[in-house]
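Data block below; observations after.
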2 protein chains.
Amino acid sequence: MNTPTLSLTIGTVAKRAGVPIDTIRFYEREGLLPEPLRRASGYRSYNETAIKQLRFIRRAKELGFTLEEIRDLLALSSDRRGGVKAIRKRAEQRLAGIEARIAELMRIRTGLQQLIEVCPGHGDPEHCPILRALADEEPQA
Amino acid sequence: MNTPTLSLTIGTVAKRAGVPIDTIRFYEREGLLPEPLRRASGYRSYNETAIKQLRFIRRAKELGFTLEEIRDLLALSSDRRGGVKAIRKRAEQRLAGIEARIAELMRIRTGLQQLIEVCPGHGDPEHCPILRALADEEPQA
DNA sequence: CTTGACCCTGAACCTTGATAAAGGGTCTAG
DNA sequence: CTAGACCCTTTATCAAGGTTCAGGGTCAAG
């Protein structure tokens, strides 16, 4: 194993994890990072683990997890029994959410494409199919 | 044509347009709806046009336009020369934005799918590929 | 006339994920 | 010892798109 590397300052951790200092304190307040040890002066005192945790958070964010979900994942990751099952379930839920959002956006895309296709791009706004589509009344009941 | 139907109250308009009352006042403040006439009492006095305008806003929102963009569309829709061209351009920009978002979400989806695929769903969190993928260090420099 | 539903304004508050400022203490190189 | 870099807390601010509240006034039915 490697040297324990004690007492990194928040600035060092920030640089090494690629995260602004303020964001680290923010994550701590929000319960995503454990409260670190403190020096006598009050300075936060980190070790390498903190950097790994920050990278975990960064990757999870890249995968579309909210901070709330990440807090949940972090809690589960220390649950030795059942943790894995629950984690996989969270990932599946996240996947389902993302797929739903993709489907929704594709529906929107189709709508926009159709409007653009039939719009001549000139003439009177009264005949613009984009505006007409937006303004038209609901089909009469 | 139909009867002019003057003096709808805000509550009636809200119901008919399917929008909360507060949202109507909010849109008015934000310049998405024109200021309506007022009764002697100060009550807002709407006509059918307001309902159409609210539906316009609702549809545009469904197509992914922001309120800012909608304000812009509404301004363009009364520009008789060049309006249509500009409107089509806005729609194309919106389409490009939507397509970029879809591409991004599809990338995220692939990442999640791969993690879920190799996760057994049981066992020790230390061997969970989802957690490992999130926690692993960057490749050493 | 009273009651209850409805409307008015202005201001504060909500969510998410930070970011910044104010005012002050600490640490380290020279 | 001092300058400058760094750290501390608390509080405020931002974007977006509203929602809710407090403290009133109005309208219509009975």
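In what follows, chains are A, B, ... by sequence order, proteins preceding strands, each numbered from 1.
- When rounded to the nearest whole Å, the span between CD of B:Glu28 and C1' of D:dG17 equals 16 Å.
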Would you list the atom pairs, donor with acceptor, under 3.5 Å between side chains in residues 21-38 of chain A and any protein atom, with sequence neighbours excluded?
{"from": "A:Glu28", "atom 1": "OE1", "to": "A:Arg44", "atom 2": "NE", "distance (Å)": "2.7"}
{"from": "A:Arg38", "atom 1": "NH1", "to": "A:Gly42", "atom 2": "O", "distance (Å)": "2.8"}

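- Taking only side-chain atoms of A:Arg25, from C-beta outward, the nucleotide of C:dC7, C:dT9, D:dT9 with the closest atom is D:dT9.
- Here A:Glu92 pairs with A:Arg88 under the salt bridge (charged side-chain N to carboxylate O under 4.0 Å, His left out) rule; sequence neighbours left out.
- Between A:Thr12 and B:Tyr27, the one whose closest nucleotide on DNA chain D sits nearer the 5' end is A:Thr12.
- Here B:Arg44 lies in heavy-atom contact (under 4.0 Å) with sugar-phosphate atoms only.
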Run the side-chain donor-acceptor check on residues 101-108 of chain A: report pairs under 3.5 Å with partners two or more places apart or on a different chain.
{"from": "A:Arg101", "atom 1": "NH1", "to": "A:Glu104", "atom 2": "OE1", "distance (Å)": "3.0"}
{"from": "A:Arg101", "atom 1": "NH1", "to": "A:Glu104", "atom 2": "OE2", "distance (Å)": "3.4"}

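- For A:Gln113, the CD atom sits in a packed shell: over 12 heavy atoms of surrounding residues, nucleotides or ligands are nearer than 6.0 Å.
- Atom CD of B:Glu68 has 12 or fewer heavy atoms from other residues, nucleotides or ligands within 6.0 Å.
- Contacts with DNA chain D (heavy atom under 4.0 Å) in residues 61-74 of chain B: B:Lys61, B:Thr66, B:Leu67, listed by number.
- When rounded to the nearest whole Å, the span between CD of A:Glu30 and P of C:dA18 equals 10 Å.
- Rounded to a whole Å, the CG atom of B:Leu54 is 16 Å from the P atom of D:dG17.
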Walk me through it: do A:Val13 and A:Val19 pass the test side-chain contact (heavy atoms from CB on, under 4.5 Å)? CA-CA 8 Å; A:Val13 171; A:Val19 172; over 6 Å; no
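- Judged by distance alone, the side chain of A:Arg39 and the main-chain N or O of A:Ser45 form no donor-acceptor pair under 3.5 Å.
- Panel note: side chain A:Gln114, backbone A:Gly111; no donor-acceptor pair is recorded below 3.5 Å.
- Distance, A:Ile21 CD1 to C:dA18 P: 15 Å, rounded to whole Å.
- Not one side-chain nitrogen or oxygen of A:Thr9 sits closer than 4.0 Å to the OP1 or OP2 atom of D:dC6.
- The OH atom of B:Tyr46 sits 14 Å away from the C1' atom of C:dC6 (whole-angstrom rounding).
- Taking A:Arg109 as the reference, nothing meets the salt bridge (charged side-chain N to carboxylate O under 4.0 Å, His left out) condition, with sequence neighbours excluded.
- Between B:Arg58 atom CZ and D:dG17 atom C1' there is a gap of 17 Å when expressed in whole angstrom units.
- Spacing between atom CD1 of B:Ile24 and atom C1' of C:dT9 amounts to 17 Å, rounded to whole angstrom units.
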Can you give one letter per nucleotide of nucleotides 19-30 of chain C, 5' to 3': B if a protein heavy atom sits under 4.0 Å from the base, S if only from the sugar-phosphate, - if neither? BB----BBS---
